[in-house]
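Numbers restart at 1 for each chain; the letters A, B, ... are given by sequence-line order, proteins then strands.
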Amino acid sequence: MPTLRENLKQLSEAVGVSGEEREVRQLVLSLVKDHLSDAVTDAMGNLTGRLKSSAPTGVRVLIGAPMDEVGLMVTGSNGFLNVLPVGRLDMRYLAAARVLVGAEKANGVLLFAPIHKSYGQNDLPSADSLLIDVGASGKGGAKVGDRVAFAGSYAELGADVVRGKALHSRAACAVLIALIESLSESPLPLDIHVAFTAQSRVYGRGALVAANRVKPQAAFLLDGADCDDLPRLPDDSRLPMVRLGGGTALRVAEGIGVPNRPLLEHVRAVARQHSLPHQMDTSEAYGTENALVSQTQAGVPTVTLSIPVRYLHSPNGLVSLTDLEHTQRLLRESLAALTPDLLEN
Amino acid sequence: MADKALIQALVEAWGPPGHEHEVRALIEGYVRDLADEVRVDSSGNLICRMGSGGKKIMIAAHMDEIGMVVNTLDKPGFARFTMTGGLILVSLIGNRVRFANGTIGTIGMEGSALIPTKLPTLAELFIDFSENGNDSGSVQVGDAAALTRNFTTRGDRLIAKSMDDRIGCAVAIEAMRALKGKNLPNELYFVFTTQEEVGIRGARVAANGIAPDYGIALDVTATGDTPKNNSMAIRLGGGAAIKVLDSGHIVPPAIKNLMISRAEAAGIPYQLEILTGGSTDAAAIQTALSGIPSGVISIPCRYVHTTSETVDINDVQACIDLLVALLAQPFEA
Amino acid sequence: MGSLVAYKYGSGSEPRRKIMLCAHMDEIGMMVRQVEDGFVHVADIGGTDSRIVVGKPVLVHTRTGALQGVVGVRASQMLSEDERGRYPNVNEIFVDLGLPAEEVAARVQIGDIITMDVPLLDLQGQRVAGKAMDDRACVAVVTACLDALQRLKHTWDVLAVASVQEEVGLHGARAEAYRLHPEIAIALDVTFAPQPGVSGATFELGSGVPLALGANFHPALFEAIKKTAERLEMELPIEPTPMASGTDAWAIQVSREGIPTALIGVPTRNMHTTVETVDLRDIERGGRLLAEFIAGLDEKFLADIVWEKPDQPTESA
């Protein structure tokens with residue numbers, strides 16, 4: 001069985017721009033299919049399934065992890081490729097970026113005017129001004145509609161931290177895969193369904209559809225949290241909220257919805273009881289899966305457990321493997337301690 | 001510990017760029033009996049050889065200080081000036097300058113006598129040299145001046161104008177004293193250079209003339225240890241600063257590493273310096289002829305280019321010790 | 001100073017004439033300025049563009065080996081009003097090694113060099129993208145020239161220099177020109193290819209290696225190289241450069257009593273980024289042009305390229 005570390009590398013290096021998650025999904029399926037019954041790729045591109053080790057009479061739980069990553073889409077060409085963003089891009093990371101174009105993953109680079117000619121032009125560019133060079137004149141085989149992914153540079157930095165692209169979703173996938181393996185080895189008396197969701201970066205709509213299909217009594221969603229344990233301006237004395245290596249980030253606020261308080265307090269209590277590091281994350285800046293899933297059916301108690309990621313929006317984010325392991329344990333222990341009365345308001 | 005009387009004499013001497021004669025005469029008095037040979041070259045550099053045979057090493061400390069030259073006379077008793085070196089304009093108002101003949105001038109700013117409400121530009125500043133109501137002009141166009149201020153101390157801190165770079169001169173003289181009478185494995189050229197502040201001119205000429213194998217400059221560096229100053233890792237009292245890089249010079253790693261290993265072997269406190277504004281004589285030595293590998297021992301100094309340049313005497317001693325440790329042994333970079 | 005010189009001796013009788021080829025091998029980079037709480041603050045060496053390094057992999061070269069890391073910036077939710085909507089400057093970026101702060105403090109020293117950790121990227125056609133094409137692409141041209149000279153007879157000595165410290169002031173070329181004292185010199189450096197945001201003369205990738213014309217270059221040497229290209233029926237674009245070229249040629253030209261100097265460029269897109277893009281055909285063509293030119297140098301070449309011949313016939317000189 002591949003280790004968490006090996007899975008994370010493969011997952012990070014796979015390409016799955018929102019709306020075209022095929023490669024990631026097929027990789028995930030190859031890793032988990034032995035543990036699932038009635039695995040389905042639904043109309044949105046979500047991969048859902050029920051754990052073979054589930055207890056059909058137990059509480060019906062959905063555990064989700066997003067598969068997709070931000071990127072670009074080819075819209076045309078006049079020598080260089082014109083593109084539009086897929087997902088919310090941090091334009092600070094795009095200058096002279098390396099990209100993979102289309103299903104063939106052709107190498108490309110984002111043009112950047114030399115400093116000799118652009119000195120002092122410090123405003124971030126608009127997305128519609130981005131141009132990609134794939135080398136050949138003309139489109140060089142690229143088609144309108146091709147997805148463009150940012151090329152990362154996966155590496156293990158020291159014993160605990162890895163660097164790579166798309167870690168905000170793939171770390172969640174890696175944790176969910178590890179949890180599936182753990183639950184298959186030593187099952188819990190719950191009816192557990194999993195969803196590797198598509199389009200998390202397109203307003204979280206994949207998870208909505210997955211929840212409609214599974215119709216859970218409770219949902220636990222995995223995600224990535226943007227670390228702010230970084231050098232600050234001299235007059236900024238605020239303490240960081242989310243630290244790399246600081247344990248699972250628990251979302252206590254969300255732009256268009258709030259997590260289920262009893263379920264959140266349950267997870268916190270479990271974390272304290274098992275001395276699992278965790279941190280409260282009040283960021284409004286990311287994710288809407290929680291809000292959408294919680295509003296399915298007549299309302300589903302939903303909580304999000306996030307893995308701290310430094311430089312979340314960059315092609316080279318950092319995660320701590322210890323954070324991944326702690327998150328997997330926290331999720332497992334939270335499930336183990338889940339009782340039906342917790343879900344009755 | 002380093003000779004404070006020597007330092008005081010050096011920093012209080014007058015020597016704007018191109019007018020280093022007073023400083024040179026002073027230094028010549030100190031070094032005449034220390035060197036095997038003393039000469040002055042066409043650029044006014046004072047070149048002192050110690051020892052012969054072995055690697056030729058040029059050690060440079062500049063004699064000149066930042067200053068100004070009168071370029072226009074204004075109303076009687078007032079002169080406008082141009083800068084010779086990087087004067088900090090905001091520090092000038094109310095400061096005093098000295099001319100070669102001893103005349104003291106005061107720097108003022110155009111406009112009402114009330115507190116200035118904006119930063120001065122050079123064009124708005126003037127030197128007041130008036131003596132009474134009927135000034136006939138003891139100051140002429142072309143006269144050079146330098147800031148004037150007495151040397152003082154506060155504990156281990158030494159405070160004066162022209163620490164840049166008379167403290168480097170002091171380090172060189174102290175090293176010559178320490179090396180006197182020793183059997184030297186290198187041929188040392190202690191060069192007290194001219195016109196560093198206006199484009200590193202003296203050292204370039206001296207390096208061309210001497211054609212040394214290696215160069216070492218002694219100069220001040222800024223610090224990053226004052227409030228809301230995160231510009232660099234150098235702190236006052238942190239030891240001799242071994243330069244890694246400045247805006248005109250990348251020290252060859254072999255030279256830097258030799259300095260580090262000599263400091264570590266002798267237990268001399270040191271810190272590594274990256275300076276993003278400014279350079280030293282070593283930049284000119286390194287690029288002279290077909291290239292002369294050069295390094296810098298820097299003396300950490302707060303408020304560089306003001307009349308209160310501040311160094312720590314322990315750092316000065318560490319610089320002397322490091323220089324002696326480098327020069328007393330074969331130089332293998 | 002660390003420049004590398006390859007000598008390829010000619011077949012002429014001694015004392016032989018010398019031509020210096022010069023392409024710089026340094027690249028823009030960064031250096032450790034300060035280490036704080038496990039983060040490495042950086043200083044620029046040679047003109048690193050802080051706009052293009054963010055989020056890219058780097059190596060920090062320590063005494064005990066290179067450490068992998070990434071160039072970080074503050075998360076978007078941490079930014080001050082002033083920082084929004086613009087690129088960070090060099091003081092606002094840092095290197096994150098993903099290691100405990102104590103380990104970073106123990107291993108990383110002020111002054112350690114930082115380089116971009118990116119492989120060469122194959123694009124379609126004959127194009128490649130990577131860091132340090134400025135000026136390794138030209139080092140490759142010199143290499144291609146030396147290779148071609150293996151099969152050509154040449155009477156002059158060829159002194160092929162991979163120079164150091166071009167990006168911080170042309171220091172390596174200045175020193176080598178002084179030391180080697182060649183009769184003529186050809187410097188090579190990258191030049192601009194067309195792309196949005198680049199105004200002025202540009203040269204399309206794969207369209208040949210432009211030869212520069214202007215005060216920094218000897219006009220007769222320029223003409224001689226141009227003639228070589230005509231003989232080879234090789235397209236040779238001209239790059240008008242009225243004053244300073246900003247290349248090694250600038251330092252070489254005024255060495256000692258003056259050295260007739262020329263400059264050949266390799267068209268490059270995205271200069272001073274990690275995706276500097278060149279066309280391999282230009283590199284091959286440049287090498288061939290240089291080799292053919294060198295093979296054509298003879299005893300009287302220097303006499304041929306004097307500006308004019310005042311007073312006396314050349315033969316008696």
Side-chain angles (χ1 to χ4, degrees), chain A residues 80 90-93 95-98 106-118 121-124 129 131 133-137 140-141 150-153 155-158 160-163 226-228 230-233 236 238 244 283-285 310-318 320, chain C residues 36-37 39 41 47 49 51-57 67-78 80 83 85-89 92 94 96-100 103 117-119 121-129 192 195-200 205 246 268-275 277:
Chain A
F80 303 119
D90 185 336
M91 302 303 283
R92 294 179 298 170
Y93 293 113
R98 293 165 179 232
N107 287 324
V109 301
L110 268 92
L111 291 187
F112 190 81
I115 190 168
H116 319 65
K117 306 285 188 182
S118 64
Q121 293 173 19
N122 291 327
D123 289 346
L124 293 172
S129 70
L131 289 171
D133 185 0
V134 290
S137 42
F150 295 103
S153 180
E156 298 188 0
L157 310 182
D160 186 46
V161 174
V162 303
R163 177 186 75 192
D226 198 4
C227 289
D228 60 352
L230 301 172
R232 286 175 183 269
L233 292 170
D236 181 354
R238 289 173 296 175
L244 185 69
S283 169
E284 302 277 342
R310 276 193 193 153
Y311 325 117
L312 181 101
H313 296 282
S314 98
N316 287 294
L318 304 183
S320 152
Chain C
E36 244 175 11
D37 305 329
F39 293 98
H41 297 273
D49 190 343
R51 297 174 298 178
I52 64 96
V53 297
V54 176
K56 298 201 170 57
L67 298 175
Q68 290 182 305
V70 62
V71 177
V73 280
R74 282 193 275 285
S76 51
Q77 66 270 24
M78 300 168 68
S80 68
E83 290 172 294
R86 66 165 174 82
Y87 289 106
N89 63 41
E92 292 162 347
F94 46 84
D96 191 335
L97 297 166
L99 296 174
E103 192 175 345
D117 185 18
V118 290
L121 198 63
D122 273 317
L123 300 180
Q124 291 171 35
Q126 296 288 306
R127 293 178 184 173
V128 290
F192 298 103
Q195 68 183 100
V198 174
S199 55
L205 301 181
T268 303
R269 263 204 275 277
N270 313 316
M271 205 186 290
H272 281 205
T273 75
T274 45
V275 291
T277 304

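Top candidate by heavy-atom pairs under 4.5 Å with chain A, chosen from C:Gly98, C:Gly72, C:Gly125, C:Ser199, is C:Gly98. Contact count against chain A (heavy-atom pairs under 4.5 Å) is highest for C:Met78 among C:Gln126, C:Met78, C:Glu103, C:His41. Contact count against chain A (heavy-atom pairs under 4.5 Å) is highest for C:Gly85 among C:Gly85, C:Gly246, C:Ala75. Here C:Val73 is the residue among C:Val53, C:Leu99, C:Val73, C:Leu205 with the most heavy-atom pairs under 4.5 Å with chain A. Between chain A and the residues C:Leu97, C:Thr273, C:Asp49, C:Asp37, the largest count of heavy-atom pairs under 4.5 Å involves C:Asp49. Most heavy-atom pairs under 4.5 Å with chain C: of the set A:Arg238, A:Glu156, A:Met91, A:Arg310, this distinction falls to A:Arg310. Highest contact tally toward chain A, considering only C:Pro119, C:Gly47, C:Ser80, is held by C:Pro119 [criterion: heavy-atom pairs under 4.5 Å]. Chosen from A:Asn316, A:Asp123, A:Val161, A:Leu110, the residue pairing most often with chain C at heavy-atom distances under 4.5 Å is A:Asn316. The candidate with the highest count of non-hydrogen atom pairs below 4.5 Å against chain C, out of A:Asp228, A:Val162, A:Asp236, is A:Asp228.
Between A:Ala95 and C:Ile52, the closest heavy-atom pair is CB-CG2, 3.8 Å. Between C:Pro196 and A:Ala113, the shortest heavy-atom contact is O-CB, 3.8 Å. Among all heavy-atom pairs drawn from C:Pro57 and A:Ser153, the shortest one is CG-CB, 3.6 Å. The two residues A:Arg98 and C:Ala129 come nearest to each other via the heavy atoms NH2-O, 4.2 Å. Shortest non-hydrogen contact noted between C:Gln124 and A:Ala106 is NE2-CB, 3.8 Å.
Contact annotation for A:Leu131: only side-chain heavy atoms (C-beta onward) come within less than 4.5 Å of a heavy atom of chain C. Contacts between A:Leu233 and chain C at a heavy-atom distance below 4.5 Å involve backbone atoms as well as side-chain atoms. Heavy atoms of A:Arg232 lying under 4.5 Å from chain C belong to its backbone as well as its side chain. If you measure heavy-atom distances from A:Arg92 to chain C, the contacts under 4.5 Å come from both the backbone and the side chain. Contacts between A:Gln121 and chain C at a heavy-atom distance below 4.5 Å involve backbone atoms as well as side-chain atoms.
Of the inter-residue distances, the one linking A:Asn122 atom CG with C:Arg86 atom CZ reads 7.0 Å to the nearest 0.5 angstrom. Rounding to the nearest 0.5 Å gives a distance of 5.0 Å between CZ of C:Phe39 and CG of A:Leu230. Here the CZ-CG distance, from C:Arg269 to A:Leu111, works out to 6.5 Å after rounding to the nearest 0.5 Å. Expressed to the nearest 0.5 Å, how far SG of A:Cys227 lies from CZ of C:Arg74 amounts to 15.5 Å.
Of the N and O atoms on the side chains of A:Tyr311 and C:Asp96, at least one donor lies less than 3.5 Å from an acceptor on the other residue. Using a 3.5 Å distance cut-off with no hydrogens or angles, the side chains of C:Arg51 and A:Ser118 do pair a donor with an acceptor.
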Exercise for the section: Check the pair A:Asn107, C:Leu121 against side chain to side chain contact (heavy atoms under 4.5 Å, CB included), reporting the backbone distance first and the verdict last. Expected result: CA-CA 7 Å; A:Asn107 287 324; C:Leu121 198 63; 3.4 Å; yes
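C:Thr277 is listed as a side-chain neighbour of A:Asp133, based on a closest heavy-atom distance under 4.5 Å. You'll find the side chain of A:Pro231 stays beyond 4.5 Å of the side chain of C:Glu92, heavy atoms only. At least one side-chain heavy atom of A:Pro114 sits under 4.5 Å from a side-chain heavy atom of C:Val198.
Under the 6.0 Å cut-off for aromatic ring centres, A:Phe112 and C:His272 do not qualify, their centroids lying 6.0 Å or more apart.
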